[in-house]
Amino acid sequence: MIRRWFSKKNKSFQPAFETPSSHSSLSLCTNATDEPDPAKEISHFKMRLKEYGIEFSHLVSSTPKDVENRQQAIKVAEEISKDPEMRNYFLTWKRLPLLHNESTQRQKHTMKKQREYITALTLIFIENYQVLLQYVPGTGGKH
């Protein structure tokens with residue numbers, strides 16, 4: 001479904017490895033009993049979304065209504081968060097590291113509309129927000 005936006009021979013960039021905020025999100029969003037604090041986690045998530053030019057309040061309107069499209073977006077976000085090369089591109093350039101499958105215009109249009117949703121899901125998976133993961137369908141609160 002997706003292809004790599006970059007290849008080693010065409011684009012080169014300095015990998016971000018891990019951003020300071022990715023390690024600090026776990027310590028910022030937990031309380032003394034190691035349980036996630038929902039208020040801190042959501043405020044940290046809002047701050048991270050702003051870095052990508054997304055308002056928290058706009059996520060509702062960018063969420064796909066069709067279950068199939070929503071599951072497709074979750075798969076794309078999981079793939080980006082699990083692949084170190086794609087994750088580094090995402091964290092470095094603050095853009096989704098993918099091209100759309102040009103086989104159908106409908107898929108291309110769907111992925112454009114879901115950009116904000118996929119970006120938000122990718123952040124949730126990378127930052128490992130325990131409270132927010134519980135609301136992502138199909139993950140069972142674990143990633």
Side-chain angles (χ1 to χ4, degrees), residues 1-31 34-56 58-143:
M1 183 177 106
I2 64 174
R3 295 182 300 169
R4 303 259 169 136
W5 171 269
F6 48 92
S7 66
K8 291 181 181 179
K9 61 183 177 183
N10 291 337
K11 290 193 183 234
S12 62
F13 64 93
Q14 297 296 325
F17 296 110
E18 293 295 327
T19 60
S21 63
S22 64
H23 292 297
S24 63
S25 67
L26 291 176
S27 62
L28 286 175
C29 301
T30 57
N31 56 26
D34 291 330
E35 293 179 18
D37 183 12
K40 285 183 181 177
E41 193 171 287
I42 291 171
S43 65
H44 190 267
F45 181 57
K46 283 182 183 180
M47 181 187 68
R48 292 287 286 157
L49 282 176
K50 284 188 180 185
E51 293 175 14
Y52 288 80
I54 300 171
E55 290 292 325
F56 189 73
H58 292 169
L59 284 180
V60 174
S61 62
S62 68
T63 302
K65 307 301 181 235
D66 185 31
V67 176
E68 186 178 312
N69 288 340
R70 202 174 315 134
Q71 290 299 325
Q72 188 177 20
I74 291 169
K75 286 179 185 176
V76 170
E78 284 179 334
E79 186 175 339
I80 293 169
S81 66
K82 288 179 182 177
D83 185 320
E85 203 173 336
M86 294 174 97
R87 182 179 54 239
N88 283 335
Y89 182 90
F90 176 78
L91 294 171
T92 303
W93 300 104
K94 308 231 183 293
R95 299 172 68 183
L96 293 176
L98 53 95
L99 282 177
H100 312 297
N101 185 355
E102 284 91 8
S103 63
T104 65
Q105 186 66 21
R106 183 177 178 271
Q107 285 180 339
K108 185 174 180 180
H109 182 68
T110 301
M111 296 306 287
K112 266 187 181 178
K113 284 176 57 176
Q114 295 177 4
R115 182 193 63 81
E116 289 181 348
Y117 185 68
I118 294 171
T119 300
L121 285 173
T122 305
L123 281 173
I124 289 171
F125 293 145
I126 290 173
E127 298 284 345
N128 198 22
Y129 293 119
Q130 294 300 312
V131 174
L132 296 174
L133 271 173
Q134 295 173 2
Y135 294 98
V136 178
T139 62
K142 297 179 182 177
H143 193 266

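Predicted, not measured: the structure shown is a model, and the values here were computed from it. Quick note: residue numbers are just sequence positions, from 1.
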If we ignore hydrogens and angles and just use 3.5 Å, is the side chain of Arg70 paired with the main-chain N or O of Lys65 as donor and acceptor?
yes

Heavy-atom distance under 4.5 Å between the side chains of Ile124 and Tyr135, does that happen here?
no

Quick one: CD1 on Ile126 to CG on Leu91, what's the gap to the nearest 0.5 Å?
4.5 Å

Is there a donor-acceptor pair closer than 3.5 Å between any side-chain N or O of Gln114 and the backbone N or O of Thr63?
no

Check: Tyr89 main-chain N/O paired with Thr92 side-chain donor or acceptor under 3.5 Å:
no

Beyond-backbone contact of Phe56 with Ile42, side-chain heavy atoms, under 4.5 angstrom:
yes

List the residues meeting side chain to side chain contact (heavy atoms under 4.5 Å, CB included) with Val60, not counting sequence neighbours, and say none if there are none.
none

Given salt bridge (Lys or Arg N to Asp or Glu O under 4.0 Å), test Glu51 with Arg48 step by step and report yes or no.
CA-CA 5 Å; Glu51 293 175 14; Arg48 292 287 286 157; 2.7 Å; yes

If you define the side chain from C-beta out and look only at heavy atoms, does anything of Leu132 sit under 4.5 Å from Phe125?
no

Quick one: pull up OG1 in Thr119 and NZ in Lys94 and give me the separation to the nearest 0.5 Å.
11.5 Å

Is there side-chain contact between Tyr52 and Glu116, with heavy atoms separated by less than 4.5 Å?
no

What heavy-atom pair brings Pro64 and Tyr117 nearest, and what distance separates the two atoms?
CD-CD2, 3.5 Å

I want to check something: taking the side chain as every heavy atom from C-beta on, are Leu49 and Leu59 in contact at a cut-off of under 4.5 Å?
yes

Donor-acceptor side-chain pairing of Gln71 and Asn69 below 3.5 angstrom
no

Do the side chain of Arg87 and the main chain of Ile80 share a donor and acceptor less than 3.5 angstrom apart?
no

Could you grab the distance from atom CG of Leu123 to atom CE of Met47, nearest 0.5 Å is fine?
10.5 Å

Just verifying a value: how many Å separate Arg95 CZ and Phe90 CZ, rounded to the nearest 0.5 Å?
12.0 Å

Of His44, Glu41, Gln134, the residue whose pairing with Tyr129 passes side chain to side chain donor-acceptor pair (under 3.5 Å)
His44

Exam field: side chain Asp83 to backbone Glu79, donor-acceptor pair closer than 3.5 Å:
no

If every non-hydrogen atom of Leu121 is compared with every non-hydrogen atom of Ala77, which pair is closest and at what distance?
CB-CB, 3.5 Å

